[in-house]
Number of protein chains: 2
Amino acid sequence: MESYTEENYLKVIYHLSNLTTGTVQTNAIADKIQTRPASVTDMMKKLAEKQLINYVKYQGVTLTEKGKATAVNIVRKHRLWELFLVKTLNFKWDEVHEIAEELEHVNSPLLIERLDEYLGYPKNDPHGDPIPDKNGNFDSPALVKLSKLKPAEKGIVVGVSEHSSSFLKYLEKIKLTLGTAVEMIEVIEFDGSVDLLVEDTRKNVSREVASHILMRTN
Amino acid sequence: MESYTEENYLKVIYHLSNLTTGTVQTNAIADKIQTRPASVTDMMKKLAEKQLINYVKYQGVTLTEKGKATAVNIVRKHRLWELFLVKTLNFKWDEVHEIAEELEHVNSPLLIERLDEYLGYPKNDPHGDPIPDKNGNFDSPALVKLSKLKPAEKGIVVGVSEHSSSFLKYLEKIKLTLGTAVEMIEVIEFDGSVDLLVEDTRKNVSREVASHILMRTN
DNA sequence: TAATAAAGTTAGATAAATCTAAATAAAATT
DNA sequence: AATTTTATTTAGATTTATCTAACTTTATTA
């Protein structure tokens, strides 16, 4: 059985490995977990001993099948709890991440099964991210960043690749939340921002924001 | 902010202090937490430094007002989660204690307020124990042990003073759960067991069991 | 009252997770 | 190819929580 800290490391390695090809680097993990590279090296050795990761010094790490299964299970728990907090306890989607970071470590498979059943076996969390089922499987449809839409292309907001509270709050403010239909009008060449039509309203969004909004196009 | 371990110690001291006059003893705490007396002594010193308990070596401990407030808050969280598990996720009352032991440490006051609201500001948990409100207040009506009822006296089962899974399972088996109306027929002098009338059925219950069932008499 | 037993404390050890500082290896630059 | 910079690792320290063994204090018994 893994400790909270080990679970957190596995989850971060899992998320980082989805953003990059090749191995996950020590500094990237340290940044995410907000600790020192030396602490990461120490933990990598432990996780390797437990056959949860493949680790060669200076060469980065990859998850083993066992490590990936463990990480996916924690992600599943995190996302089910986030949905519960929003759907049942009326939290906003930007308020749930930290709470779910704690709830995800409760070690009770039956609890998670009951929660899954109670929520109606949902496929996605409040941010649009896929919720793995009890076997670790989930849909991963091809999504495209809003910043990559071409003029006149339309799509629906179905996810975000940035989960910070401030980012999510901002999206709510500008009414670019999950389910919103969007039409690309123009990409402003000079600063990369994008002009959009959202519910009959023209609005401009920076490239930095647009690159974190995930769309399913029509 | 207290650590999980500190919270657990405070909670156990709180429960023990409700069962005894005077101070709570080191060995009693060690038994409940399933650790060594030396570990308890170490932790008592720390909790005293944080002004959560009053501690003089060899003289047992008492909770300070601050310590008691902290303990009552953890009990509140524990009992709200237990009720949630039974009411919303359909757990049995004997399945929830261990899970609530983990959930109670999630550090989010707003979460507990939302849970309280969602559950309808309940006064009691699935075992009949009082749930403190956000100010730490709760009803403590005078209850009497089943073993203390006199012949022909009637009452309603409203609580238990033993929370082990096996005990709760047994009560379900003999249909002596919360809300059950009971009439005392006779106390068997020779072994202290009690003859009862429960829903038109005569049954005999040992004194050991009867002394852990709490009644509100008519 | 003295002896014994039990409760409780202290000292030092271990494990997990983190840190800083120094050292090593790899990558980037010149 | 050599030098410099950055990434990473190693060594040793700290903190928290636990342990065992030995010692001290209190309670019980004779």
Side-chain angles (χ1 to χ4, degrees), chain A residues 1-13 16-17 19-63 67 70-71 74 101-102 104-107, chain B residues 1-13 16-17 19-63 67 70-71 74 101-102 104-107:
Chain A
M1 210 262 299
E2 286 72 46
S3 68
Y4 282 24
T5 304
E6 289 168 349
E7 290 189 341
N8 283 336
Y9 273 85
L10 287 173
K11 193 181 65 183
V12 161
I13 294 169
L16 288 170
S17 67
L19 297 178
T20 154
T21 57
T23 60
V24 172
Q25 304 303 302
T26 299
N27 264 3
I29 298 169
D31 284 345
K32 279 290 183 182
I33 287 191
Q34 298 193 344
T35 189
R36 297 294 190 257
S39 300
V40 173
T41 298
D42 287 343
M43 181 56 72
M44 294 308 101
K45 288 174 176 170
K46 286 176 191 160
L47 294 177
E49 273 171 28
K50 290 189 166 186
Q51 273 130 33
L52 293 163
I53 62 170
N54 301 305
Y55 171 69
V56 174
K57 61 166 72 174
Y58 293 106
Q59 307 302 328
V61 310
T62 56
L63 287 170
T70 302
I74 301 162
E101 285 285 309
E102 292 189 52
E104 75 191 16
H105 296 296
V106 173
N107 183 28
Chain B
M1 212 257 306
E2 285 73 45
S3 67
Y4 281 25
T5 305
E6 288 168 348
E7 290 189 341
N8 283 336
Y9 272 86
L10 287 173
K11 195 181 64 184
V12 159
I13 294 168
L16 289 170
S17 68
L19 298 176
T20 151
T21 57
T23 61
V24 172
Q25 306 302 302
T26 299
N27 262 5
I29 300 171
D31 284 346
K32 277 291 182 181
I33 288 193
Q34 296 191 348
T35 189
R36 298 293 191 256
S39 302
V40 173
T41 299
D42 287 342
M43 180 56 72
M44 294 306 100
K45 289 174 175 172
K46 287 176 190 158
L47 294 176
E49 274 172 28
K50 291 188 164 186
Q51 273 128 32
L52 293 163
I53 61 171
N54 300 307
Y55 170 71
V56 173
K57 59 166 73 174
Y58 294 104
Q59 306 305 324
V61 310
T62 57
L63 288 169
T70 302
I74 299 161
E101 285 285 309
E102 294 189 50
E104 76 192 16
H105 296 296
V106 174
N107 184 27

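Keep in mind that what you see is a predicted model, and the values were worked out from it rather than measured. Residue numbering restarts at 1 for every chain, and letters A, B, ... go by the order of the sequence lines. Note: hydrogens, waters and symmetry copies are ignored here, and every other heavy atom, side chains too, is used.
OP1 or OP2 of dT8(D) sits under 4.0 Å from a side-chain N or O of Q25(A).
Bracketed by its first and final contacts, the part of DNA chain C lying under 4.0 Å from non-hydrogen atoms of chain A reaches from dA16(C) to dA26(C) in 5' to 3' order.
The stretch residues 32-43 of chain A touches DNA chain C through T35(A), R36(A), A38(A), S39(A), D42(A), M43(A), each having a heavy atom within less than 4.0 Å of the strand. Against DNA chain D, the stretch residues 4-11 of chain B makes heavy-atom approaches under 4.0 Å through T5(B), Y9(B). Applying a 4.0 Å cut-off to non-hydrogen atoms, the residues of residues 46-61 of chain A that approach DNA chain D are Y55(A), K57(A), Y58(A), listed by residue number.
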Could you walk me through whether I53(A) and L10(A) satisfy the side-chain contact (heavy atoms from CB on, under 4.5 Å) test, starting with their C-alpha distance in whole Å, then the side-chain angles of each, then the deciding distance to 0.1 Å, before giving a yes or no?
CA-CA 8 Å; I53(A) 62 170; L10(A) 287 173; 4.2 Å; yes

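Within the model, atoms CG of D42(A) and OH of Y9(A) stand 8.5 Å from one another, a figure rounded to the nearest 0.5 Å. From T70(B), atom OG1 reaches atom CD1 of I13(B) across 11.0 Å, with rounding to the nearest 0.5 Å.
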What are the atom names and distances for every N/O pair under 3.5 Å that joins the protein to nucleotides 27-29 of chain D?
none

Between side-chain atoms of residues 43-50 of chain B and protein atoms elsewhere (two or more places apart, or another chain), which donor-acceptor pairs fall under 3.5 Å?
residue : atom : partner : partner atom : Å
K50(B)  : NZ   : E6(B)   : OE1          : 2.9
K50(B)  : NZ   : E6(B)   : OE2          : 3.2

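Following rounding to the nearest Å, N27(B) (CG) and dT26(D) (P) show an atom-to-atom distance of 15 Å. The CE-C1' distance, from M44(A) to dT8(D), rounds to 12 Å in whole Å.
Each side-chain hydrogen bond (donor to acceptor under 3.5 Å, both in side chains) pair with one or both residues in residues 20-32 of chain B, not counting sequence neighbours, appears once here: T23(B)-Q25(B).
Partners of T62(A) by side-chain hydrogen bond (donor to acceptor under 3.5 Å, both in side chains), not counting sequence neighbours, listed by chain and number: N54(A). Partners of A30(A) by side-chain contact (heavy atoms from CB on, under 4.5 Å), not counting sequence neighbours, listed by chain and number: P37(A), V40(A). Y4(B) is linked by a side-chain contact (heavy atoms from CB on, under 4.5 Å) to Y4(A), E102(A), H105(B), counting only residues two or more places apart in sequence or in another chain. Every salt bridge (charged side-chain N to carboxylate O under 4.0 Å, His left out) that E104(A) has, sequence neighbours left out, goes to K11(A). Checked against side-chain hydrogen bond (donor to acceptor under 3.5 Å, both in side chains), Q51(A) has no partners two or more places apart in sequence or in another chain.
Across L63(A) and A71(A), no two heavy atoms sit closer than the pair CD1-CB, 4.4 Å.
Of the candidates I74(A), L52(A), N107(A), E2(A) forms a side-chain contact (heavy atoms from CB on, under 4.5 Å) with just one, namely L52(A).
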